[in-house]
Amino acid sequence: MDPVLLLVQTLHILAGAVWLGGSVFMNVVVLPALLALPAVEQRASARRVIFGPERMMIGAALLAAVLGIVRGTAYGPIDSVDSLTTPYGIAWSAAIAITVMVFAVGGTVTSRTARALLDDDRYWTSGPRGDGSEARAPLVTRLRLAFRLELIGILAVFTLMPLLRFL
């Protein structure tokens with residue numbers, strides 16, 4: 001096997017595993033743990049666990065996406081626009097489109113909602129209890145939904161990847 005192809009495939013799989021693993025961990029472990037904390041601890045903890053790994057997650061996602069394009073084109077059957085109409089081309093294009101949608105949700109909904117939630121004091125100090133919980137609830141719901149949508153999209157891409165070997 002071509003050593004460059006082996007490197008591309010290995011990095012693609014590792015980056016994808018980091019991306020998927022990080023998303024599962026965020027949805028299954030981090031968010032539930034954060035929401036179980038008292039309000040005074042949530043904000044500081046959320047800032048560290050959401051924004052701390054953000055660059056690594058974005059880097060892994062971008063690397064997986066770019067290497068997926070390389071695998072399909074330079075090392076795969078996508079060599080013309082016509083090849084996008086083959087079963088492989090359709091599945092590969094669907095994976096690319098879903099990845100773009102996941103990036104869009106992450107950049108426009110997840111990240112913006114998390115930043116608004118964590119940067120605006122009124123979500124932590126307003127309301128009858130003085131802890132901002134009433135104002136914070138809709139943003140927490142939106143953030144949870146955005147993280148879940150990202151995970152569903154990543155899982156959809158991961159479902160398409162093994163199919164490409166058989167197309």
Side-chain angles (χ1 to χ4, degrees), residues 7-72 91-164:
L7 179 65
V8 166
Q9 288 179 316
T10 302
L11 289 176
H12 176 65
I13 291 167
L14 288 174
V18 168
W19 189 28
L20 174 62
S23 184
V24 169
F25 187 68
M26 184 63 70
N27 279 278
V28 175
V29 176
V30 173
L31 284 179
L34 280 174
L35 296 175
L37 292 173
V40 294
E41 296 176 33
Q42 281 182 13
R43 191 176 193 185
S45 298
R47 188 174 303 284
R48 283 192 297 273
V49 297
I50 291 176
F51 295 130
E54 184 178 45
R55 285 187 181 165
M56 180 192 64
M57 293 298 296
I58 292 170
L62 287 172
L63 183 61
V66 167
L67 292 177
I69 292 169
V70 169
R71 284 186 74 194
W92 183 82
S93 297
I96 298 295
I98 294 167
T99 299
V100 168
M101 287 187 268
V102 169
F103 286 166
V105 168
T108 61
V109 181
T110 311
S111 184
R112 287 182 187 172
T113 302
R115 290 192 192 290
L117 180 64
L118 298 173
D119 291 344
D120 194 333
D121 289 337
R122 71 185 153 129
Y123 296 119
W124 302 94
T125 59
S126 66
R129 289 188 279 176
D131 67 356
S133 58
E134 296 85 9
R136 193 169 56 248
L139 285 182
V140 169
T141 299
R142 185 182 318 152
L143 186 61
R144 188 182 291 173
L145 176 62
F147 274 121
R148 286 181 183 155
L149 286 173
E150 286 184 42
L151 178 57
I152 290 166
I154 297 166
L155 288 171
V157 171
F158 267 72
T159 301
L160 289 168
M161 291 301 100
L163 295 176
L164 293 176

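Since we're looking at a predicted model, the values are computed, not measured.
Closest non-hydrogen pair, Ile154 versus Val102, comes out as N-CG2, 3.9 Å. For the residue pair Phe103 and Ala61, the shortest heavy atom distance occurs at CE2-CB, 3.4 Å. In plain terms, the two heavy atoms of Glu54 and Ser111 that are nearest each other are OE2-OG, 3.5 Å. Pairing each heavy atom of Ala104 with each of Thr108, the nearest pair is O-OG1, 2.5 Å. Between Arg71 and Val8, the shortest heavy-atom contact is CG-CG1, 3.6 Å. Of all the heavy atoms in Val157 and Ala95, the pair that sits closest is CG2-O, 3.7 Å.
Checking side-chain atoms of Trp19 against main-chain N and O of Leu63 turns up no donor-acceptor pair under 3.5 Å. Between the side chain of Arg144 and the backbone N or O of Leu31 there is no donor-acceptor pair closer than 3.5 Å. Panel note: side chain Trp124, backbone Leu117; a donor-acceptor pair is recorded below 3.5 Å.
Put simply, CE on Met101 and CD on Glu150 are 13.0 Å apart, with the number rounded to the nearest 0.5 Å. One finds the OG1 atom of Thr110 at 9.5 Å from the CD1 atom of Ile50 (value rounded to the nearest 0.5 Å). Atom-to-atom distance recorded for Arg115:CZ and Thr113:OG1 is 11.5 Å, nearest 0.5 angstrom. Asp119 CG to Arg47 CZ: the interatomic distance, rounded to the nearest 0.5 Å, is 5.0 Å.
Considering only heavy atoms from C-beta on, Leu151 comes within 4.5 Å of Leu20 through its side chain. Using a 4.5 Å heavy-atom threshold, the side chains of Leu160 and Ile98 count as touching.
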Self-check item: Chi angles and distances behind the side-chain contact (heavy atoms from CB on, under 4.5 Å) call for Phe51, Leu118
Solution: CA-CA 10 Å; Phe51 295 130; Leu118 298 173; 3.4 Å; yes
Could you go step by step and tell me if Arg142 and Leu139 meet the side-chain contact (heavy atoms from CB on, under 4.5 Å) rule?
CA-CA 5 Å; Arg142 185 182 318 152; Leu139 285 182; 3.5 Å; yes
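Ion pairing of Asp120 with Arg136 is absent here, as no side-chain N (NZ or NE/NH1/NH2) approaches a carboxylate O to less than 4.0 Å.
Taking the salt bridge (charged side-chain N to carboxylate O under 4.0 Å, His left out) definition, one finds that Glu41 meets it with nothing, sequence neighbours left out.
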